[in-house]
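In what follows, chains are A, B, ... by sequence order, proteins preceding strands, each numbered from 1. Every heavy atom of this structure was used, including side-chain atoms; hydrogens, water molecules and symmetry mates were not.
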Number of protein chains: 2
Amino acid sequence: MKKTPARPSAAFRMTPQRAELLRALEGNKSHPSAEQLHRRLRKKFPGVSFATVYNTLQSLLDIGELAEIRIDRSRARFDPCTDGHAHLMCAECGAIADLSVSRPPAVSGAPRGFKVLRCNIEFYGVCPACGKKAGNKEKTLCQKKKRK
Amino acid sequence: MKKTPARPSAAFRMTPQRAELLRALEGNKSHPSAEQLHRRLRKKFPGVSFATVYNTLQSLLDIGELAEIRIDRSRARFDPCTDGHAHLMCAECGAIADLSVSRPPAVSGAPRGFKVLRCNIEFYGVCPACGKKAGNKEKTLCQKKKRK
DNA sequence: ATACCAGATAAGAACCATTCTTGTCAAGCG
DNA sequence: CGCTTGACAAGAATGGTTCTTATCTGGTAT
């Protein structure tokens, strides 16, 4: 007469597609976007749809096995490492690097009664490779770049 | 034979629409979205288009008179105060409050050669009003909320 | 075993903030 | 005055993400 728990508390159900997506994420330090993950997944499962990628990513986010990074204004990026580290993104090529926060920022002016749940720290800059390129080319080419 | 500077170095050209938008922004601590600004602007100029709002906002961003805030994942928010303060957003109602950073975070692991240009610090939480509401209602209602 | 059911998948439509395009207009300058 | 530049309006286009609908599948209860 129970409500048929059936699957143990609706845990993450493993499927071949999901396993491959997990494999693509495991230890991945490149902070891939949904599109990149979809491309990679399609190599093994040519028929896999974008919805499957988004659904799986959402499930992983729900169970806390994945972090969504919003440092890239034009699309979400994902990080299998979920400790609350900071990120540094190259404004030119979009590469994202990890940073560990050894000392959290001290803030003032926090409205009373605001319950803080999470903190994001993001840095924007120019990566070594792009910095080198900028040394050669004129800067005029890099100005209006908004999306990749 | 000069390149006809015409207007003094392409400065920000004032128009009634722009003046009204500036008025809407001046001292505005609510971090409005483009849509909110458009609504407000339409009260005085019913025919004003979204493109005008975006164009003007972009111009203001270009000349550094406005800051774009990305703490709200679903839309850009704007802040007439451009010093690099931090923000705190209520995950329930979307309200954004200001915070001043009295001590910048210390980070390690920064890749060599990365030239840092800018830093964002964002906090997410629950504002006093929503915290009170959550005390009454069940939490089940607030789970899937993604966009307003 | 077999029917059932929750969840997974595929395909594509829908959504929506933002950007782009096109044409028109106004203002400053020569 | 005509030219040039930039503002404006209207709407189309873009593109990442979400939603919908219709199967499919694998574990569970009977």
Side-chain angles (χ1 to χ4, degrees), chain A residues 1-22 32-39 41-42 44-63 66 68-78 94 144-148, chain B residues 1-22 32-39 41-42 44-63 68-78 94 143-148:
Chain A
M1 225 51 71
K2 293 187 304 175
K3 276 284 252 33
T4 63
R7 261 146 301 314
S9 75
F12 186 78
R13 183 143 110 196
M14 193 55 66
T15 66
Q17 289 92 339
R18 294 186 158 195
E20 179 61 19
L21 186 62
L22 283 174
S33 65
E35 188 196 351
Q36 290 171 321
L37 291 168
H38 184 221
R39 265 207 299 272
L41 196 48
R42 256 205 298 206
K44 218 161 208 160
F45 300 93
V48 79
S49 81
F50 241 117
T52 298
V53 173
Y54 276 110
N55 287 341
T56 305
L57 290 174
Q58 191 57 57
S59 299
L60 289 170
L61 292 174
D62 289 345
I63 64 176
L66 186 68
E68 185 179 10
I69 305 171
R70 282 265 150 186
I71 194 174
D72 184 342
R73 46 197 277 105
S74 66
R75 80 209 68 204
R77 308 273 291 253
F78 297 91
K144 333 218 77 158
K145 200 190 289 184
K146 281 295 151 54
R147 310 194 165 209
K148 231 188 328 188
Chain B
M1 226 42 77
K2 292 190 304 174
K3 278 285 252 30
T4 63
R7 259 140 309 308
S9 77
F12 186 78
R13 184 145 109 196
M14 195 54 66
T15 66
Q17 288 92 339
R18 292 184 162 197
E20 179 62 19
L21 187 61
L22 283 174
S33 66
E35 188 197 351
Q36 290 171 319
L37 291 168
H38 184 221
R39 265 206 298 271
L41 195 49
R42 254 204 300 205
K44 216 160 211 162
F45 300 92
V48 79
S49 81
F50 240 116
T52 298
V53 173
Y54 275 111
N55 288 340
T56 305
L57 291 173
Q58 191 56 56
S59 300
L60 290 170
L61 292 174
D62 289 344
I63 64 176
E68 186 180 9
I69 304 171
R70 282 266 149 187
I71 194 175
D72 185 343
R73 44 197 279 106
S74 68
R75 77 210 70 205
R77 309 273 292 252
F78 298 91
Q143 284 181 351
K144 333 219 75 158
K145 202 191 286 183
K146 280 295 151 51
R147 310 194 164 209
K148 235 189 324 190

Exercise for review: Report yes if the side chains of A:Leu60 and A:Arg18 come closer than 4.5 Å at any heavy-atom pair, otherwise no.
Suggested key: no

Check your understanding: To the nearest Å, how far apart are A:Met14 CE and C:dG7 P?
Key -> 16 Å

Practice item. Rounded to the nearest 0.5 Å, what's the gap from CZ on A:Arg77 to CD on A:Glu35? Could you check? Key: 11.0 Å

Practice item. Could you check how far NE2 of B:His38 sits from C1' of C:dC16, rounded to whole Å? Key: 15 Å

Check your understanding: Near DNA chain C, under 4.0 Å by heavy atom, which residues of residues 46-55 of chain A?
Key -> A:Gly47, A:Val48, A:Ser49, A:Ala51, A:Thr52, A:Asn55

Exercise for review: Would you mind telling me which of C:dA8, C:dT18, D:dA7 lies closest to the side-chain atoms of B:Arg13?
Suggested key: D:dA7

Exercise for review: Give the rounded distance in Å between these two atoms: CD of B:Glu35 and P of C:dT18.
Suggested key: 9 Å

Point to revise | Contact check, side chains of A:Thr52 and A:Leu21, non-hydrogen atoms, under 4.5 Å | key: no

Review point. Hey, does B:Glu20 have a side-chain heavy atom less than 4.5 Å from the side chain of B:Val48?
Key: no

Point to revise | side-chain N/O B:Arg18 vs D:dC8 OP1/OP2, d < 4.0 Å | key: yes

Review point. Rounded to the nearest 0.5 Å, how far does CZ of B:Phe50 lie from CG of B:Leu57?
Key: 10.0 Å

Review point. Roughly how far, to the nearest 0.5 Å, is the CZ atom of B:Phe78 from the CG atom of B:Leu37?
Key: 7.5 Å

**Study point:** Atom-pair distance (CG on A:Leu41; C1' on C:dA10), nearest Å
**Key:** 13 Å

Exercise for review: Check whether any side-chain nitrogen or oxygen of A:Thr15 sits under 4.0 Å from OP1 or OP2 of C:dT9, and answer yes or no.
Suggested key: yes

Practice item. Kindly calculate the angle separating the two end axes of the helix from C:dA1-D:dT30 to C:dG30-D:dC1, each obtained from five base pairs, and round it to 10 degrees. Key: 10°

**Study point:** Spacing of B:Arg70 atom CZ relative to C:dA17 atom P, expressed in whole Å
**Key:** 12 Å

Check your understanding: Where the side chain of B:Ala76 is defined as all heavy atoms beyond and including C-beta, which of C:dT18, D:dC8, D:dG16 is the nearest nucleotide?
Key -> C:dT18

**Study point:** Heavy-atom pair with the smallest gap, counting every atom of A:Ser59 and A:Phe12
**Key:** CB-CE1, 3.8 Å

Revision key, fill the gap. When rounded to whole Å, the CD to P distance for the pair A:Gln36 and D:dG16 reads 11 Å

Exercise for review: Using atom CD of B:Gln58 as one end and atom P of D:dC8 as the other, report the distance to the nearest whole Å.
Suggested key: 15 Å

Review point. For B:Gln17 and D:dC8, is the shortest distance between a side-chain N/O and OP1 or OP2 below 4.0 Å?
Key: yes

Practice item. Give the rounded distance in Å between these two atoms: CG of A:Leu57 and C1' of D:dT18. Key: 13 Å

Practice item. Measure across A:Ala76 and A:Glu68 and return the closest heavy-atom pair with its distance rounded to 0.1 Å. Key: CB-OE2, 3.4 Å

Point to revise | Residue pair B:Thr15 / B:Thr56, side-chain heavy-atom distance below 4.5 Å | key: no

